[in-house]
Amino acid sequence: MKKVVFALLIVCLMFSGCQCKKDDRVIKIGAILPLTGYAATNGEMSKNALILAVDSLNKLQSKYHFEIIYEDSKSLPKDAAVCYNKLHMQGTKFMIGFGGATLYSFIPQTNNRNEIIFATAAPNSDLLSHSNRCLRVYPDVAMVTNSLLEFTRNNNFKRVAIVY
């Protein structure tokens, strides 16, 4: 899990040049995780992986400083949608969402917004058909790579690096 999260943060770093002003040095990433409720154990594991990945990334480079804003979906779709709206209002450009049903509660809202959602632990590939701004990080890196390549082609990025 740590490797996947680290790869997501590297992707955020790639996109940050395209999405943030040059003066912005802090990149805030929203994480909508089930920190309470029936999936809390998975949410805590994801949170721990994010902490390790962000610490590592911040030590590897000094151009940007990554911060994670954690929101608790409580393992409930309606609460995940509230979390998403809160993060969106704060101007978060990158978000990590966890689970299937909780992601479906807000993924359609991401269409045509200047945000990228990394969907983790989302086994249903149908998820991608609900948003043009969602990258699915399950079950393997090949699927993510293909989604990322398609996304970059559709948005006319000239150079992309994928680190896993």
When clusters are formed by joining ILVMFWY residues with side-chain heavy atoms under 4.5 Å apart, either directly or through shared neighbours, do Leu57 and Tyr70 land in the same one? yes
Side chains of Asn48 and Met45 in contact at under 4.5 Å (non-hydrogen atoms): no
Please lay out, stage by stage, how Ile69 and Lys86 fare under the test side chain to side chain contact (heavy atoms under 4.5 Å, CB included). CA-CA 11 Å; Ile69 302 169; Lys86 183 177 176 182; over 6 Å; no
Classify the angle between the aromatic ring planes of Tyr64 and Phe66 as parallel (below 30°), tilted (30 to 60°) or perpendicular (above 60°). tilted
Distance from Ile107 atom CD1 to Met95 atom CE, nearest 0.5 Å? 9.5 Å
Drop me the distance from Leu76's CG to Cys83's SG, to the nearest 0.5 angstrom. 10.0 Å
Are any side-chain N or O atoms of Ser75 and backbone N or O atoms of Thr36, one a donor and one an acceptor, separated by less than 3.5 Å? yes
Examine distances only and state if a side-chain atom of Gln61 and a backbone atom of Lys63 form a donor-acceptor pair shorter than 3.5 Å. yes
Just so I know, are the side chains of Leu50 and Leu33 near enough to count as touching, which here means a heavy-atom distance under 4.5 Å? yes
For Ala80 and Ser105, work out which heavy atoms get closest and say how close. CB-OG, 3.7 Å
Between CG of Asn58 and NE2 of His65, what distance do you get to the nearest 0.5 Å? 5.0 Å
For the residue pair Ala31 and Leu87, what are the closest heavy atoms and their distance? N-CD1, 4.1 Å
Can you tell me how far OG1 of Thr102 sits from OH of Tyr84, rounded to the nearest 0.5 angstrom? 14.0 Å
At what distance, to the nearest 0.5 angstrom, does NZ of Lys74 lie from CG of Leu35? 10.5 Å
Rounded to the nearest 0.5 Å, how far apart are CD1 of Ile68 and CG of Asp55? 10.0 Å
